[in-house]
Student: 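Please read through the structure below; I'll follow up with questions.
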Amino acid sequence: MLNLGGRFLEKPTLSICLLFLVFSVSISSYVYSITKPTDSSLAEYYLAENTEYFVGDIPTNDDGEIDFQKMHKVYWESISGWINDSELQRITDSEFIWLRSKALPNHKTKEELYFLIEHGGLNLEIFNEYGDSIFKYGNFLDQERLPNIFQSKFNWVKIPNDDSNYYYLRLYHKKGILFVITIVENLVGKQTALYREIALKNLTPIFFHSFFLMIGIICALVFFIEYKKQYNILLDFAAFSLCFGLLGLTSNVLIRYLFTNSETLFILTTVASNFVFIPMLSGVRRLFGSGRYKVLDILIYIDVVICSATTILVFSLPFVDSAHSLLISSRSFFLLFNLLNILGPIYITFESWKKGNPEAFGHFIGFSVTLLLVIIEIFLAIKSNDNSTNKVVLWGVLFGVISQGFALERAIFANRQKAQVYKEDLLKAEKSLKESQLKTLQTKMSPHYLFNSLNTIHALHKIKPELIGDAILSLANNYRFISDRTDRDWIPFEEEWNFLEDYLHLQKLRFYDTVKIDFKKSGDFSSVILPPLLLQPIIENSFKHGFRGSAEEQFQLFIHAKMIRDSVFSFVVYDNGIGIPEELLADKTKLLERSLGNIKERLRNLYSEFSFEVTRNFPEGARTEIEIILTSKVQQVP
């Protein structure tokens with residue numbers, strides 16, 4: 001039962017369920033916010049719908065008051081539909097603009113009704129049909145103090161409880177300057193109910209775009225943490241998600257209402273909306289190539305130039321009068337350009353699908369649906385005279401984020417599988433290399449060790465023939481160990497220790513009375529396993545390099561194996577030989593070119609936590625010390 005529970009927790013089932021729950025609740029709440037019955041205390045009221053305008057100011061009478069009866073004789077232009085560039089230019093060139101909007105019908109009630117108006121780049125005053133001022137913002141006599149278009153303002157406007165058929169809006173702005181004025185969510189009602197409705201309509205989009213903003217930040221962090229792996233498509237997706245999240249958050253009316261620094265939001269919205277297509281196009285290019293005639297390359301370069309110029313143009317609006325004319329005359333071009341940014345990926349994904357890439361089909365469908373939604377949004381924007389491209393961009397990039405996200409997941413999964421296969425191949429190659437190194441160590445040791453041992457036995461024949469039997473037995477034990485044990489990956493410590501004991505017995509016979517050996521161990525080694533021939537080369541190093549002096553000199557060799565803790569193995573060898581030359585101590589690379597370097601390399605391949613130190617012994621000789629965390633064994637490929 002415990003194993004079953006453990007296997008369940010190892011799988012991502014719980015996380016998948018949680019994500020599905022969050023996603024389901026988010027979608028359900030968003031659908032509910034759209035389809036739920038409207039609060040009975042609220043009513044829809046559209047400022048742009050059935051609204052008419054008059055370019056210029058209406059003169060006052062001798063008392064300084066506006067004769068609204070004469071205003072019925074004025075010819076009012078319709079504001080619905082698409083306003084051509086010349087007419088829009090005429091509107092911006094006039095300091096005064098009048099709007100006439102139908103009053104809210106059947107609104108006589110004891111309750112006070114309001115609408116929340118957002119405006120920027122202008123001063124305004126609202127009158128009822130009888131000439132009563134029901135709202136005023138700014139000074140109409142001081143053009144220098146007019147707010148610029150970056151400074152979005154919100155005001156609650158109380159609707160008069162009368163029988164007016166029209167509301168008249170007097171707009172005053174700097175000549176040649178664009179301005180914005182709209183009723184938030186096109187709703188009228190009690191102030192508390194209206195505020196609650198605005199918040200409910202915007203909380204889900206805020207959560208949604210915050211999610212993509214966090215995804216972008218996380219992907220960017222992963223890219224820079226794993227910079228050497230060059231996950232370039234991950235960075236494209238990060239930039240794409242960041243732009244999408246920022247665009248949705250900074251253009252959200254509730255965020256704009258709550259955030260006091262409206263200039264920063266305007267700048268972020270401008271940058272995000274202008275550059276959002278570039279990482280999308282770059283991601284599609286990495287997935288499916290640039291296509292015939294380098295379509296995506298050309299689009300990306302054009303995007304960089306046009307978006308940079310547009311951003312500079314927008315930021316210069318408060319300072320350069322000609323910037324407004326340029327933006328007005330380029331409205332149609334920007335709509336066409338947004339369509340090209342989606343047509344390009346459609347063409348590339350279709351071409352890639354036809355060439356046999358099955359993943360391209362899903363992208364082709366996604367971008368085709370995006371194109372349809374963008375066309376619908378453009379149509380609705382023209383019909384409602386909404387010149388903002390934010391909705392177009394939001395709908396357009398949404399499918400781009402989703403499709404690129406799925407493609408990125410598949411690409412990373414495929415790369416992860418390739419990396420896993422590569423890792424397994426690498427581990428196999430490392431194992432083969434280690435086996436080759438061990439075999440090389442055996443072949444190097446066997447003849448050298450055999451010749452020395454035979455010479456020792458020959459010498460014993462003349463001086464102490466009674467020891468020849470022990471020498472031959474030790475030599476036989478050593479070669480039995482080499483032939484039977486060194487083909488294994490791991491052997492018990494006691495077998496390695498017995499091999500060292502036989503080896504040292506032969507060395508004592510060889511060096512006779514000139515070497516004194518202190519050979520001991522302390523601790524419980526019953527569960528310790530080591531790779532074969534790990535320790536012997538360290539001892540051999542003392543005989544080979546340390547004890548090369550006069551035969552009359554008394555050499556000492558100290559060998560100590562111990563368990564410091566349950567999982568920490570320590571092995572120390574030091575001698576009083578000729579020591580290590582200064583040039584070798586200064587250059588560890590040269591020092592480890594001897595057999596000790598091979599030992600360190602084996603340790604690095606076998607353990608993730610170990611220490612290997614070769615130093616000068618005090619007062620003379622050399623000291624080698626190994627410390628291994630036995631539980632840190634690196635997983636080996638069978």
Side-chain angles (χ1 to χ4, degrees), residues 45-79 83 88 90-105 107 112-189 191 194 253 256-257 262 318 385:
Y45 179 66
Y46 294 89
L47 180 64
E49 190 173 293
N50 298 320
T51 298
E52 300 167 313
Y53 70 94
F54 175 81
V55 178
D57 197 13
I58 297 177
T60 59
N61 56 24
D62 295 338
D63 297 329
E65 298 177 350
I66 299 172
D67 187 353
F68 280 87
Q69 297 302 318
K70 291 183 179 179
M71 296 185 69
H72 292 291
K73 302 176 182 180
V74 173
Y75 176 72
W76 296 84
E77 300 277 356
S78 175
I79 204 171
I83 299 177
L88 189 60
R90 188 171 76 94
I91 293 173
T92 58
D93 286 342
S94 175
E95 294 178 350
F96 285 92
I97 305 293
W98 278 86
L99 297 180
R100 184 175 71 173
S101 180
K102 287 187 177 180
L104 183 69
H107 64 280
E112 293 184 344
L113 301 182
Y114 293 83
F115 59 80
L116 181 61
I117 190 170
E118 181 183 9
H119 53 93
L122 52 76
N123 293 333
L124 74 149
E125 188 170 8
I126 304 176
F127 302 89
N128 65 5
E129 193 171 7
Y130 305 104
D132 300 322
S133 177
I134 60 177
F135 174 78
K136 184 176 182 180
Y137 177 87
N139 185 354
F140 281 75
L141 301 177
D142 190 357
Q143 193 177 70
E144 296 301 322
R145 295 187 180 181
L146 279 169
N148 62 52
I149 196 172
F150 296 172
Q151 297 170 328
S152 184
K153 305 293 182 181
F154 290 86
N155 290 101
W156 292 95
V157 178
K158 181 181 177 182
I159 296 177
N161 193 356
D162 55 34
D163 56 356
S164 294
N165 293 315
Y166 291 97
Y167 300 135
Y168 292 89
L169 286 74
R170 187 189 191 200
L171 313 181
Y172 176 65
H173 65 99
K174 187 177 180 182
K175 185 178 180 180
I177 296 294
L178 291 171
F179 58 88
V180 61
I181 179 170
T182 183
I183 293 178
V184 176
E185 299 295 347
N186 297 313
L187 291 175
V188 172
Q191 196 167 351
L194 186 58
V253 67
R256 294 201 308 270
Y257 176 77
S262 58
N385 197 38

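Each residue takes its place number in the sequence, starting with 1.
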Student: Any side-chain heavy atom of I97 within less than 4.5 Å of one from V55?
Tutor: yes
Student: Could you state the interatomic distance from CG (L99) to CH2 (W76), rounded to the nearest 0.5 Å?
Tutor: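 Here the interatomic distance stands at 7.5 Å.
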Student: Does N155 use its side chain to pair, donor to acceptor, with the backbone of I117 at less than 3.5 Å?
Tutor: no
Student: Heavy atoms only: give me the nearest Y53-S78 pair and the separation to one decimal.
Tutor: CE2-O, 3.5 Å
Student: For K158, which residues count as a salt bridge (charged side-chain N to carboxylate O under 4.0 Å, His left out) partner, sequence neighbours excluded?
Tutor: E112
Student: Start with the C-alpha distance between V253 and R256, add both sets of side-chain angles, then the distance that settles side-chain contact (heavy atoms from CB on, under 4.5 Å), and finish with yes or no.
Tutor: CA-CA 5 Å; V253 67; R256 294 201 308 270; 3.9 Å; yes
Student: Identify the two heavy atoms, one from R100 and one from Y166, that lie closest to each other, and give their separation to 0.1 Å.
Tutor: CG-CD2, 3.4 Å
Student: In terms of relative ring orientation, are H173 and F179 parallel, tilted or perpendicular, with 30° and 60° separating the classes?
Tutor: tilted
Student: Decide yes or no on side-chain contact (heavy atoms from CB on, under 4.5 Å) for Y137 and L122, but give the supporting numbers first.
Tutor: CA-CA 9 Å; Y137 177 87; L122 52 76; 5.9 Å; no
Student: Distance from N128 atom CG to D162 atom CG, nearest 0.5 Å?
Tutor: 5.0 Å
Student: I'd like to know whether V184 forms a side-chain contact (heavy atoms from CB on, under 4.5 Å) with Y257, so could you lay out the CA-CA distance, the side-chain angles of the two residues, the decisive distance to 0.1 Å, and finally the verdict.
Tutor: CA-CA 10 Å; V184 176; Y257 176 77; over 6 Å; no
Student: What do the steps show when you test D57 against Y172 for side-chain contact (heavy atoms from CB on, under 4.5 Å), and what is the final call?
Tutor: CA-CA 9 Å; D57 197 13; Y172 176 65; over 6 Å; no
Student: Supply the atom-to-atom distance L113 CG to N161 CG, rounded to the nearest 0.5 angstrom.
Tutor: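 Rounded to the nearest 0.5 Å, the CG-CG separation comes out at 8.0 Å.
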Student: Return the CH2 to CZ distance between W156 and F115, rounded to the nearest 0.5 Å.
Tutor: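 It comes to 11.0 Å.
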Student: With T182, which residues qualify under side-chain contact (heavy atoms from CB on, under 4.5 Å), at least two apart?
Tutor: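 T182 satisfies side-chain contact (heavy atoms from CB on, under 4.5 Å) with E118 once adjacent residues are dropped.
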Student: Taking atom CD of E95 and atom CZ of F140, what is their separation to the nearest 0.5 Å?
Tutor: 12.0 Å
Student: Rounded to the nearest 0.5 Å, what's the gap from OH on Y167 to CD1 on I134? Could you check?
Tutor: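 Reported value, rounded in 0.5 Å steps: 6.0 Å.
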Student: Nearest heavy-atom pair of Y45 and S101: which atoms, and what distance?
Tutor: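 Closest heavy-atom pair between Y45 and S101: OH-OG, 3.1 Å.
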Student: List in chain and number order the residues that pass ring pair (Phe, Tyr, Trp, His ring centres under 6.0 Å) with Y130, two or more places apart in sequence or in another chain; answer none if no residue qualifies.
Tutor: none
Student: Looking at every non-hydrogen atom in both residues, tell me the closest pair between S262 and S152 and how far apart they are.
Tutor: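 Taking every non-hydrogen atom into account, OG-N, 3.3 Å.
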Student: What's the shortest heavy-atom distance between N123 and N139, and which atoms?
Tutor: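 Residues N123 and N139, closest heavy atoms: ND2-O, 3.0 Å.
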Student: Search all heavy atoms of S94 against all heavy atoms of F96 and return the closest pair with its distance.
Tutor: OG-O, 2.8 Å
